[in-house]
Amino acid sequence: MTLALGIARGARSGILHQVTRPGQAGAIWQRQREAVLAAWIDGLAPESLPQVRCYCTTMRARDVAQRACEMAHLSAGPARAMFCDDIGALAALFGQVMGSAALHLRLEVVRDDACCKFHLDHVPARLLCSYRGMGTEYGLLRAQGDPQPVWRMGTGDVGIFRGALWTGEERSGVVHRSPPIAGWGVTRLLLVLDVLAGGQRGA
């Protein structure tokens with residue numbers, strides 16, 4: 001079995017499709033945060049940030065995000081709508097890339113060093129987007145020790161990384177982690193989308 005070591009990066013959403021190409025272990029859409037959305041998310045108290053964890057279809061992702069905002073008692077408005085629209089759009093894009101409409105969606109508030117060890121997820125593929133706080137860190141797998149160098153996604157960037165259950169002859173040689181933030185007074189709002197096993201387009 002060979003290792004896929006490539007990471008495709010680009011400023012357009014289409015770059016995410018590169019994760020299905022031979023030799024590519026991940027793909028990152030480097031994008032600028034909308035000012036209205038960034039100000040709204042960064043201005044929320046940590047205890048008011050929306051959280052949710054559920055299975056859904058790509059078409060239901062926006063509704064799930066909207067319900068999470070309602071459960072967090074966040075008032076309706078342009079920024080909240082933009083946030084929910086973005087989650088719905090990312091779910092649809094992830095579904096297109098992976099050829100699957102069945103997802104596990106997680107919107108998570110992170111304030112500690114959970115998942116701070118470099119790892120390969122036990123899924124076919126995972127989409128990650130930090131709406132608030134530092135982005136996910138990633139690097140090439142080493143036989144011993146952490147990757148060197150370590151790269152970090154920007155806030156608002158969207159990354160798709162192959163997991164341990166990716167089908168085909170290649171094994172991902174890229175690992176990732178949540179950045180260590182304990183003691184820094186930092187709160188992250190992280191979107192995680194997993195494609196379910198069996199729902200992956202052949203690579």
Side-chain angles (χ1 to χ4, degrees), residues 1-33 53 90 93-94 97-98 100 103-197 199-203:
M1 181 174 288
T2 59
L3 284 180
L5 300 174
I7 295 287
R9 304 175 183 89
R12 297 188 178 184
S13 61
I15 194 69
L16 295 177
H17 288 271
Q18 294 291 321
V19 73
T20 64
R21 298 286 183 87
Q24 297 295 326
I28 297 172
W29 175 17
Q30 299 169 316
R31 59 179 191 165
Q32 295 292 325
R33 290 202 298 170
R53 184 187 296 251
L90 292 183
L93 180 55
F94 188 46
V97 171
M98 303 309 303
S100 173
L103 305 174
H104 184 260
L105 185 154
R106 176 161 39 108
L107 192 59
E108 185 173 54
V109 177
V110 183
R111 303 190 203 182
D112 54 23
D113 287 349
C115 297
C116 67
K117 293 185 178 181
F118 283 98
H119 62 279
L120 194 65
D121 298 310
H122 198 66
V123 294
R126 173 166 289 178
L127 180 146
L128 297 165
C129 176
S130 295
Y131 282 102
R132 169 169 161 167
M134 294 177 287
T136 298
E137 296 182 341
Y138 62 96
L140 299 181
L141 177 69
R142 297 175 64 196
Q144 293 183 338
D146 291 342
Q148 291 293 336
V150 173
W151 296 283
R152 180 184 293 166
M153 292 168 55
T155 307
D157 286 358
V158 182
I160 298 178
F161 295 91
R162 293 186 184 185
L165 301 184
W166 184 270
T167 61
E169 296 300 319
E170 293 182 331
R171 179 175 182 269
S172 176
V174 174
V175 290
H176 63 271
R177 71 173 182 182
S178 293
I181 58 173
W184 289 81
V186 173
T187 300
R188 302 174 67 221
L189 180 61
L190 179 68
L191 174 68
V192 181
L193 298 178
D194 291 330
V195 65
L196 305 183
Q200 175 193 330
R201 175 181 290 127

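In what follows, every heavy atom counts, from backbone to side chain, and hydrogens, waters and symmetry copies are set aside.
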Side-chain donor/acceptor of H176 to backbone N/O of F161, under 3.5 Å: no
Contact check, side chains of R53 and H104, non-hydrogen atoms, under 4.5 Å: yes
Distance, nearest 0.5 Å, that separates NE2 of H122 from CG of D194: 11.5 Å
Nearest-0.5 Å distance that lies between atom CZ in R177 and atom CG in D146: 5.5 Å
V174 versus L120, closest heavy-atom pair with distance: O-CD1, 3.5 Å
Donor-acceptor contact present, side-chain H119 to main-chain K117, <3.5 Å: yes
Stepwise side chain to side chain contact (heavy atoms under 4.5 Å, CB included) test for R12 and Q30: CA-CA 7 Å; R12 297 188 178 184; Q30 299 169 316; over 6 Å; no
R9 CZ: over 12 foreign heavy atoms closer than 6.0 Å: yes
Heavy-atom side-chain proximity of T20 to Q18 below 4.5 angstrom: no
Separation between CD1 of I160 and CG of L127, rounded to the nearest 0.5 Å: 5.0 Å
R31 side-chain N/O to A11 backbone N/O, donor-acceptor pair under 3.5 Å: no
Taking every non-hydrogen atom, the tightest pair across L90 and V158: CD2-CG2, 3.8 Å
Test item: D121 side-chain N/O and G163 main-chain N/O as donor-acceptor pair under 3.5 Å: no
Trace of the side chain to side chain contact (heavy atoms under 4.5 Å, CB included) decision for V195 with V123: CA-CA 7 Å; V195 65; V123 294; 5.8 Å; no
Close side-chain approach of Y138 to V150, heavy-atom, < 4.5 Å: no
Contact summary for I15 and I28, nearest pair of heavy atoms: CG2-O, 3.4 Å
Minimum heavy-atom distance L93-S13, with the two atoms named: CD2-CB, 3.9 Å
Value rounded to 0.5 Å, distance of SG in C129 from CZ in F94: 12.5 Å
Within-4.5 Å side-chain heavy-atom neighbours: R33 and T155: yes
Close side-chain approach of S178 and T136, heavy atoms under 4.5 Å: no
Criterion side chain to side chain contact (heavy atoms under 4.5 Å, CB included) on V192 and L128, from CA distance to verdict: CA-CA 5 Å; V192 181; L128 297 165; 3.7 Å; yes
Under 3.5 Å donor-acceptor, R162 side chain and V19 backbone: yes
Atom pair CD1/CH2 of I7 and W151 - distance to nearest 0.5 Å: 8.0 Å
Stepwise side chain to side chain contact (heavy atoms under 4.5 Å, CB included) check, T187 with R132: CA-CA 7 Å; T187 300; R132 169 169 161 167; 4.1 Å; yes
Where Q24 and A8 come nearest, the two heavy atoms and their spacing: OE1-N, 3.4 Å
Validation row: T2, R171 side chains within 4.5 angstrom (heavy atoms): no
Nearest-0.5 Å distance that lies between atom CG in L107 and atom CG in L190: 8.0 Å
Shortest non-hydrogen contact from E137 toward F118: O-CE2, 4.0 Å
Basic-acidic side-chain contact under 4.0 Å: R188, E108: no
